[in-house]
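First up is the structure itself, then whatever we jot down about it.
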Amino acid sequence: MPYQIKIEKTKTPKEKPDQHNLGFGRFFTDHMFVMDYAAGKGWHDPRIIPYSPLSLDPSTMVFHYGQAIFEGLKAYRSKDGRILLFRPTKNIERLNISNDRLCIPQVDPGFALEAIKTLVKLDEDWIPSLEGTSLYIRPFIISTDPYLGVRPSHTYKFIIILSPVGAYYPEGINPVKIYVEENYVRSVKGGLGYVKAAGNYAASLKAQEEANKKNYTQVLWLDGVEKKYIEEVGTMNVFFVINSEVITPSLEGSILPGVTRDSVIHVLKSWNIKITERRITIDEVFDAHAKGMLDESFGTGTAAVISPIGSLNWKGKTIAISNEKTGELAQKLYDFITGIQYGKVEDTFNWTVQVL
Ligand SMILES: *Cc1c(COP(=O)(O)O)cnc(C)c1O
């Protein structure tokens, strides 16, 4: 069944925000994409309508049992006026993996990409042009049955909203202070850690808040069983450079498989830099530091692309990494990947999808 997206344009376009003060996730464009699901009928009625509040019954299942998943990707405006998406099919693939884990029906990947492109095209003039700015794309799915029993919902809404966002590093890429979390855990194998389920972020807030109070930017999560193996940092995947070898925790069911993580691995391989995916303990990292072999560490994710780690605090002990400066490899990866995203560097991997 070929879908046809109905488009209803807004009659009251909003004023665009100042590109110098966008921040993250504060402003939304004029339109949104919505599609409904009903058991027996499947996904239907795809439409783009003026951005507006939802009206939902207080018993709507998502409020009570949290059947909600999301994605995050960006559209970039290149200097020569093109609009580019970065590896959107990876996000759509992951959206369906999240759907599967939460008993939400699959969406057609080709149609989901078309929905994203159509919406971005319609709100194209919302894509900022200042250095480092972009249009954040947030697809999400919620369960919508008005019902209080615990079971998968029979109805859902797939929605896509767009938010112009500012440069993550307005003053240039800079390192962050990280607190190694010993008390709270983010996920365990068999749980939801490998999918972008809304509940994961609710579960992480307490640790994040306590780390912020101690003046740390983010927490580093250890595995939920032995609290030994490194998993992620905040909502980013994490990499360590030890003795010129790059190491990142292997994906074993509790770590979110980041698109940026995957891109970094591909780029490092193409540069003939040794990259290993394996379990790595926090002990090993502190030990490497003590031996003078911990060269760099950084987080990876769509928002920051590369976020250098300046220091790590674990059990009251703090270590400084690359003199709390941005490491050479972190900077090189940042320049290369953002170069591809903004169409400044030749896209040898074929990662960008042109919208306009
Ligand atoms: C989204 C996310 C990441 C990064 O994924 P990208 O696809 O690179 O943006 C890493 N960890 C968690 C927990 C996330 O939610």
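Side chains included, hydrogens not; waters and symmetry mates left out as well; all remaining heavy atoms used. When a ligand or atom number is given, it counts from 1 through the structure's own listing order. Just so you know, residue 1 is the first one in the sequence shown, and it goes up from there.
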Close residues, ligand 1: non-hydrogen atom nearer than 4.0 Å: Arg94, Arg186, Lys196, Tyr201, Glu232, Thr235, Met236, Asn237, Leu256, Gly258, Val259, Thr260, Gly301, Thr302
Any donor-acceptor pair under 3.5 Å from His31 side chain to Thr10 backbone: yes
Sole residue of Thr144, Asp36, Thr60 in side-chain hydrogen bond (donor to acceptor under 3.5 Å, both in side chains) with Thr155: Thr144
Side chain to side chain donor-acceptor pair (under 3.5 Å) against Asn174, all qualifying residues, sequence neighbours excluded: none
Exercise answer: donor-acceptor pairs, residues 267-276 side-chain atoms, under 3.5 Å, sequence neighbours excluded:
from: Ser270; atom 1: OG; to: Val267; atom 2: O; distance (Å): 2.7
from: Thr276; atom 1: OG1; to: Glu245; atom 2: OE2; distance (Å): 2.5

Any donor-acceptor pair under 3.5 Å from Asn96 side chain to Val107 backbone: yes
Distance-only check: which donor-acceptor pairs under 3.5 Å involve side-chain atoms of residues 305-314, not counting sequence neighbours?
from: Asn313; atom 1: ND2; to: Tyr216; atom 2: OH; distance (Å): 3.1
from: Asn313; atom 1: ND2; to: Thr318; atom 2: OG1; distance (Å): 2.9
from: Trp314; atom 1: NE1; to: Glu182; atom 2: OE2; distance (Å): 3.1

